Q: 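Structure in structure tokens, see below.
Everything numeric here is computed off the predicted structure, so don't read it as measured data. We count ligands from 1, going down the list as the structure has it; atoms in each ligand are counted the same way.
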Amino acid sequence: MFTCQFSRNGFVLFLLFFITLNAASAQPKGYLYDEQKVRHYTLPNPLVCEDGSTVTDSMVWTEKRRPEILRLFEKEVYGRSPGKPKHIEFQEFEKDTNALGGKAKRKQIQIKLCKDDKALEINLLIYSPVGTKKPVPGFLTINFHGNHTVHNDPAIKITESWVRNRNGIKNNQARQEDRGSSSSRWSIEQIIDHGYMFATVYYGEIDPDFDDSFQNGVHGLFSSSAEKNREPTEWGSIAGWAWGLSRCMDYIEADPVIDSQRIAVMGHSRLGKTALWAGAVDPRFAMVISNNSGCGGAALSRRKFGETVKRINTSFPHWFCDNYKKYNDNEDGCPVDQHMLVALAAPRPVYIASAEGDLWADPRGEFLSALGAEPIYRLFGYGLGAIKQPSVNEPVHGRIGYHIRNGRHDVTDYDWKQYLKFADLHL
Ligand code: GTR
């Protein structure tokens, strides 16, 4: 009996040890993961203007301080993007009024962005609920692996753009067998059942995600200067993907079936950073959702917890503008921190989601950004609904929403359940 008890306890201990080891090994070594070791830092005050005056009402925020902060992020972090191109064409190339077993309508739109005799083509996939009389609100999302991976619906066009070589993909080309391979991240049926539209675009069609000195994608076509003359304030890939989301919004505004006044922009990880920036530069997004966005997204850079500015600029030199490299190992020198990015969404509802096992993205730093944006929401009479980080799986749904769920870096049904509740409340 004793032996049996002992070996069972021993097994449980071994299992715990194994799980801990595995969770830890998901995070790159040599970075800070210990909350006790976070250094003392001072955040820039979002309510103090460049001339030293303090913002005390929403009008001064909107007219004076917000534009200052937006300019700082453009100049120092993401880079300045061009405006809407002169020539943009929308072509609905496929539709079905009886999709997803009859509960949805599907359509696929090619958005053609033209410059002189060249063009970039982006494909937007849209599902909307059947039987709706009024224009539907919903979610515009941006995906990692191609629209054909968000659902196994055989009618979804397979992307012809560059895709990352993974899971047996060779030559950066998408394959039939990848259909639906990311469907666990996109609770499309749940979204439709809730009465919302779901739209998605593949980020690689906007700008392939590798460092090619800004030759391909949106940069190759719409940058004002060649790589060698690039200004340190010119747009990186995150700004490029966000710009692509705005072009999808251009289409949505032209579609009478969709309620373009009630669109939430949503992305995960690097695309969570993108969603936050898209919401900052484009006020047409009525709600902003950032899933596990981490460094350069919702997480406070000054904490240097998990991924750091230096590391992100080294691993992904094409994501931010060149000026951002000035803050490698010099976070305190940056005139902004990421709570000010969250604040740029105000007074629109914004949701920051973290995962307990995603230490690389600094869940606590993501929460502290939400908290740091609260004084701006207060100017509009709104709040977060928490003064300290809520426990795991205990979401707060103030005008700023936040949750930390159990599990790893990912988008799950749990996340979508929260976004749907949040949209019911605020969209
Ligand atoms: C990681 C990167 C993160 C995050 C993530 C992702 O490699 O360090 O900033 O963006 O990729 O996008 O999946």
Q: Closer than 4.0 angstrom: is that true for some heavy atom of Lys273 and an atom of ligand 1?
A: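 Yes, Lys273 has heavy atoms under 4.0 Å from ligand 1.
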Q: Does Asp358 pair with Arg408 as a salt bridge, N-O distance under 4.0 Å?
A: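 No, this pair does not count.
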Q: Given Leu140, which of Ile126, Leu124, Ile258, Thr200 fulfils the side-chain contact (heavy atoms from CB on, under 4.5 Å) condition?
A: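 For Leu140, the side-chain contact (heavy atoms from CB on, under 4.5 Å) test succeeds with only one of Ile126, Leu124, Ile258, Thr200, which is Leu124.
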Q: Kindly confirm or rule out a cation-pi arrangement of Arg166 over Phe144, judged by NZ or CZ under 6.0 Å from the six-membered ring centre and within 45° of its axis?
A: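 No, a cation-pi geometry is absent between Arg166 and Phe144.
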Q: Mind checking whether His409 contacts ligand 1 via backbone (N, CA, C, O), side chain (CB onward), both or neither, at a 4.0 Å heavy-atom cut-off?
A: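 Under 4.0 Å from ligand 1, His409 contributes side-chain atoms alone.
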Q: Starting from atom 3 (C) of ligand 1, which protein heavy atom do you reach first, and at what distance in Å?
A: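 Protein heavy atom with the smallest distance to atom 3 (C) of ligand 1: Glu307 OE1, 3.2 Å.
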Q: May I ask you to list the atoms of ligand 1 that are less than 4.0 angstrom from any heavy atom of Trp360?
A: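 Those qualifying, in numeric order: 2 (C), 8 (O).
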Q: Can you confirm, on distance only, whether ligand 1 has an N/O atom lying under 3.5 Å from any N/O atom belonging to Ser269?
A: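 Between Ser269 and ligand 1, an N or O pair is found under 3.5 Å apart.
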Q: Between Arg80 and Glu231, does any side-chain N to carboxylate O distance fall below 4.0 Å?
A: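 No.
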Q: Quick one: look at Arg270 and ligand 1, take heavy-atom pairs under 4.0 Å, and tell me if it's side chain, backbone, both or neither.
A: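 Looking at Arg270 and ligand 1, atoms from backbone and side chain both fall under 4.0 Å.
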Q: Can Glu94 and Arg106 be counted as an ion pair, charged N to O under 4.0 angstrom?
A: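 Here Glu94 pairs with Arg106 in a salt bridge, since their nearest N and O are under 4.0 Å apart.
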Q: Check Glu394 with Arg405, please: is the shortest side-chain N to carboxylate O separation under 4.0 Å?
A: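 The answer is no: the pair does not qualify as a salt bridge.
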Q: Please state which part of Ile312 comes within less than 4.0 Å of ligand 1, counting heavy atoms only: side chain, backbone, both or neither.
A: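 For Ile312, only side-chain atoms sit under 4.0 Å from ligand 1.
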Q: What atoms of ligand 1 come within less than 4.0 Å of a heavy atom belonging to Phe316?
A: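 Atoms satisfying the 4.0 Å criterion: 2 (C), 7 (O), 8 (O).
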Q: Is Trp319 close enough to touch ligand 1? Criterion: a residue heavy atom under 4.0 Å from a ligand atom.
A: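 Distance cut 4.0 Å: Trp319 passes for ligand 1.
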Q: Could you tell me whether the side chain of Lys115 and the main chain of Leu221 form a donor-acceptor pair under 3.5 Å?
A: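 Yes, Lys115 side chain to Leu221 backbone: donor-acceptor pair under 3.5 Å.
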